[in-house]
Protein chains: 4
Amino acid sequence: MVRLKTEDKREAILKATLLLVNSNGFHAAPMSKIATNAGVSAGTIYLYFQNKEDLVNTLYRELKAKFSGHALYGFNPEAPVKKGFEVIWNNILRYKLSEPDEATFIEQCDNTPMVTDASREVGLKAVQPLYDLWERGQQEGIIKPLCRPMLYAFSLFPMIYVAGIYTKEGKELSREAIDAAFGASWDAIRT
Amino acid sequence: MVRLKTEDKREAILKATLLLVNSNGFHAAPMSKIATNAGVSAGTIYLYFQNKEDLVNTLYRELKAKFSGHALYGFNPEAPVKKGFEVIWNNILRYKLSEPDEATFIEQCDNTPMVTDASREVGLKAVQPLYDLWERGQQEGIIKPLCRPMLYAFSLFPMIYVAGIYTKEGKELSREAIDAAFGASWDAIRT
Amino acid sequence: MVRLKTEDKREAILKATLLLVNSNGFHAAPMSKIATNAGVSAGTIYLYFQNKEDLVNTLYRELKAKFSGHALYGFNPEAPVKKGFEVIWNNILRYKLSEPDEATFIEQCDNTPMVTDASREVGLKAVQPLYDLWERGQQEGIIKPLCRPMLYAFSLFPMIYVAGIYTKEGKELSREAIDAAFGASWDAIRT
Amino acid sequence: MVRLKTEDKREAILKATLLLVNSNGFHAAPMSKIATNAGVSAGTIYLYFQNKEDLVNTLYRELKAKFSGHALYGFNPEAPVKKGFEVIWNNILRYKLSEPDEATFIEQCDNTPMVTDASREVGLKAVQPLYDLWERGQQEGIIKPLCRPMLYAFSLFPMIYVAGIYTKEGKELSREAIDAAFGASWDAIRT
DNA sequence: GATGAATGAGCCTTCATTCAT
DNA sequence: TATGAATGAAGGCTCATTCAT
């Protein structure tokens, strides 16, 4: 095993955690296996993370942050509402499809008590621009007067879910399917 | 501890499992604790279930079956498409709101390797009438030509997700909110 | 399951124990399985035997007694030493070959702490006539002046061992092989 | 408790297993007790052995190997048949008497399903020189034309059995008794 | 006598975490 | 920093035995 530099070790540990958890759930990711797969000693993990919970939460937060970064890429807050929504919608879909491992991990974490509520909220802040966009759309009478969770549930959540299914089964999402999905998302929330 | 009759014990074990898993995930539901909470000895569980996996899967299947029963209550296959969809949509929502524990458990199970694929597929068969309904709607040109997973993702999944959030936070879903949610669901899939 | 009479139940339990222990050792013979195989309830065993140890020891003693009965069949204490020895030797061999299950069980028991020393000694008393025969042979100068355990070890034990091997492998012992074996047995202890 | 070095721990675990199994059979040798007696934590055993079966089989194989080494010590394949046999016979007896614990353990293992057939066969290969010796003896007309298991059963098995008895009862085997036993062994198989 | 549901101690094994090196 | 042997609590499961029916 090649000797890794400090930063690389931290990354290797995070990567090993990601893959192991994805492959069979938290149940299949003991610290010892994470260490082995990361090419690192068991004790070493504790030099970089306080404990397993910290390791998982750290990974979760980093991925969420990365995800948020992608989501707003090229987004212009002043563009028309539908246009802005389309940009973010596509960004998110593209991320889910191009980084299926990370997407899977985030989903896994959304259903485990190992990830704290504090961690879960971290990602939300970054989406503020999206909230602002919806609000503007509502003021302009373009978007249905639904509460935030509902807007999310009807316009982004379904797409994320569908992307997960296709990824899991190894299928491709065709251009037509994607357009149709966007149509459904938009129809759900537009007035 | 009052002596329970056989059938009651089985039920008590299932109930204890449900609550324990809901409260903190599978991690927080060791057989010993399930036994204690069910007012039963650890060994007794194995009189009713082969092992932990069997216990969880049995519970999952029973709840899925119950859920399916509710979903189609009062559904008339020959009614107009929108009407039929509305009936099922409301049935599901009502179930999610009235049996939040069961709903939460089913969600937990959808993300654990402890539940087998075989178990997961059991529930799907019961929804055939819904699939038929969608198909009829597509033939009549009323429903968008989306694949099944997408139809599900846009019309039922969001509502289930929202109901979960409200339940978790102890809030009530107002009549208006429900109507609005149905509107969004229908708009998402109708042409 | 046909209803058995009291005596039959006792026998059925003993028989089930014998077969189960033989098939895979004591490890594979839990009381519950013995009960099932005997067509009897678990609790019933305790009507006939104090506990598992008692059950096994009782079976062991009965088999030993039966074995002893066979060993001396047709034996004439006044016949010539070699003739007498030959009768007993052949009796034992015949028993081992005709009742391989019982023979196997006895061997199993000779190596488990479940069978008490008291039980082990039970069988020995019955062989007193054999001891007397050897003693007479020694007085007559026909038999080597070895201690009893040695006489047993060289003249009967090997044959029992060999019979066990042939039985286990399902082979037949030919007449010639038997004669040869007797020759070796006799040569070992005769002067 | 003094801190042992790695190799010592492995040995301590094996030794504890040996003694515990000998004292009361496998039934009396739970992993927890083995650990305690070895001055080691329960989990530590699993650093050196995969599981209980592996532990027992490893010990069995090591003892068998050691035994085989002793058996052929000083054996000259070209010496006269009787001389060669005498050497091996005495080697084995000496081992049985000087290492009674190991001898007892091997016997215990020969009757438990915990020891795999693969393990049992390991020891047999080492005895090839003895088989060759017997064959030469038969060709020279010195040894009876018996099959291998019989030769073993009549010439070595009895002695092992007797040694076990004496050891168990704490008695000494006198020089005369040993000589007499060898005489019986040799008489049994020689022509 | 007979049943079999119920018990609970005990077994094997895993794994997060520590600490001497 | 880094290691990895060591720990020991905890988990899932089995099974001899009891007892209300």
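Keep in mind that the numbers below use all heavy atoms, side chains included, and drop hydrogens, waters and symmetry copies. Below, read A as the first sequence line, B as the second, and so on, with proteins coming before strands; counting in each chain starts at 1.
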Colleague: If you check every side-chain atom of C:Pro30, which of E:dT3, F:dA16, E:dT17 has the closest atom?
Modeller: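 It is F:dA16.
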
Colleague: Given F:dA16, E:dA2, E:dT13, which nucleotide is nearest the side-chain atoms of D:Met31?
Modeller: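 Minimum distance to the D:Met31 side chain belongs to E:dT13.
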
Colleague: In whole angstroms, how far is the P atom of F:dA16 from the NE2 atom of D:His27?
Modeller: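 It works out to 10 Å between those atoms.
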
Colleague: Starting at the 5' end of DNA chain E and moving along, which residue's nearest nucleotide shows up first, D:Asn51 or A:Glu53?
Modeller: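 Counting from the 5' end, the first nearest nucleotide belongs to D:Asn51.
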
Colleague: Please report the distance, rounded to the nearest Å, between CD1 in B:Ile13 and P in F:dC13.
Modeller: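 Roughly 13 Å, once rounded to whole Å.
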
Colleague: Would you sort out whether A:Tyr48 and A:Asp54 count as a side chain to side chain donor-acceptor pair (under 3.5 Å), showing the intermediate values?
Modeller: CA-CA 10 Å; A:Tyr48 295 93; A:Asp54 181 38; over 6 Å; no

Colleague: Both distances below 3.5 Å, Watson-Crick or wobble geometry, any strand: find the nucleotide opposite E:dT17.
Modeller: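 Check on E:dT17: paired to F:dA6, both distances under 3.5 Å.
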
Colleague: Roughly how far, to the nearest 0.5 Å, is the CZ atom of A:Phe26 from the OG1 atom of B:Thr112?
Modeller: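 These two atoms lie 11.0 Å from each other.
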
Colleague: Quick one: do B:Arg10 and B:Glu62 make a salt bridge, cutoff under 4.0 Å?
Modeller: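 Yes, B:Arg10 and B:Glu62 are salt-bridged.
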
Colleague: Picking from E:dA2, F:dA6, E:dT14, which would you name as closest to the side chain of D:Tyr48?
Modeller: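 Closest nucleotide to the D:Tyr48 side chain: F:dA6.
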
Colleague: Using atom CG of C:Leu20 as one end and atom C1' of F:dC15 as the other, report the distance to the nearest whole Å.
Modeller: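 Spelled out: CG on C:Leu20 to C1' on F:dC15 is 13 Å.
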
Colleague: Take atom NZ of D:Lys33 and atom P of E:dC11, then tell me their distance rounded to the nearest Å.
Modeller: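 Taking atom P of E:dC11 as the reference, NZ of D:Lys33 is at 8 Å.
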
Colleague: Could you tell me the separation between the CZ atom of C:Arg10 and the P atom of E:dA2, rounded to a whole number of Å?
Modeller: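 In whole Å, E:dA2 P and C:Arg10 CZ are 13 Å from each other.
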
Colleague: Could you give the CG-to-C1' distance, from C:Leu55 to F:dT17, as a whole number of Å?
Modeller: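 Interatomic distance, CG of C:Leu55 to C1' of F:dT17: 13 Å.
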
Colleague: Would you find a donor on one side and an acceptor on the other, under 3.5 Å apart, between the side chain of D:Asn37 and the backbone of D:Ala16?
Modeller: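 The answer is no, because no donor-acceptor pair under 3.5 Å joins these two groups.
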
Colleague: To the nearest Å, give me how far apart CE (D:Met114) and P (E:dC12) are.
Modeller: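 So the CE-P distance, D:Met114 to E:dC12, works out to 8 Å.
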
Colleague: Any side-chain N or O of D:Lys9 under 4.0 Å from OP1/OP2 of F:dA6?
Modeller: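 Answer is yes, contact under 4.0 Å.
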
Colleague: Output the rounded distance in Å from NZ (C:Lys52) to P (F:dC15).
Modeller: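 So the two atoms are 8 Å apart, to the nearest Å.
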
Colleague: If you go through the side-chain atoms of B:Ser41, does one of them form a donor-acceptor pair with the base of E:dG8 closer than 3.5 Å?
Modeller: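 Yes, the side chain and the base share a sub-3.5 Å donor-acceptor pair.
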
Colleague: We want to know whether C:Thr104 and C:Asn22 form a side-chain donor-acceptor pair, criterion being a heavy-atom distance below 3.5 angstrom.
Modeller: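 Checked: C:Thr104/C:Asn22 side chains show no N/O donor-acceptor pair below 3.5 Å.
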
Colleague: On DNA chain F, nearest-nucleotide positions of B:Ser32 versus C:Gly43: which is more 5'?
Modeller: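 Counting from the 5' end, the first nearest nucleotide belongs to B:Ser32.
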
Colleague: Could you please name the option among E:dT18, E:dC12, F:dC13 that lies closest to any side-chain atom of A:Tyr46?
Modeller: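 For A:Tyr46, the side-chain atoms sit closest to E:dT18.
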
Colleague: Judged by each residue's nearest nucleotide on DNA chain E, which is more toward the 5′ side, B:Thr44 or D:Ala29?
Modeller: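 Per heavy-atom nearest nucleotide, the more 5' residue is B:Thr44.
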
Colleague: Quick check for you: among E:dA6, F:dA6, F:dT1, whose closest atom lies nearest to any side-chain atom of A:Leu47?
Modeller: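 That would be F:dT1.
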
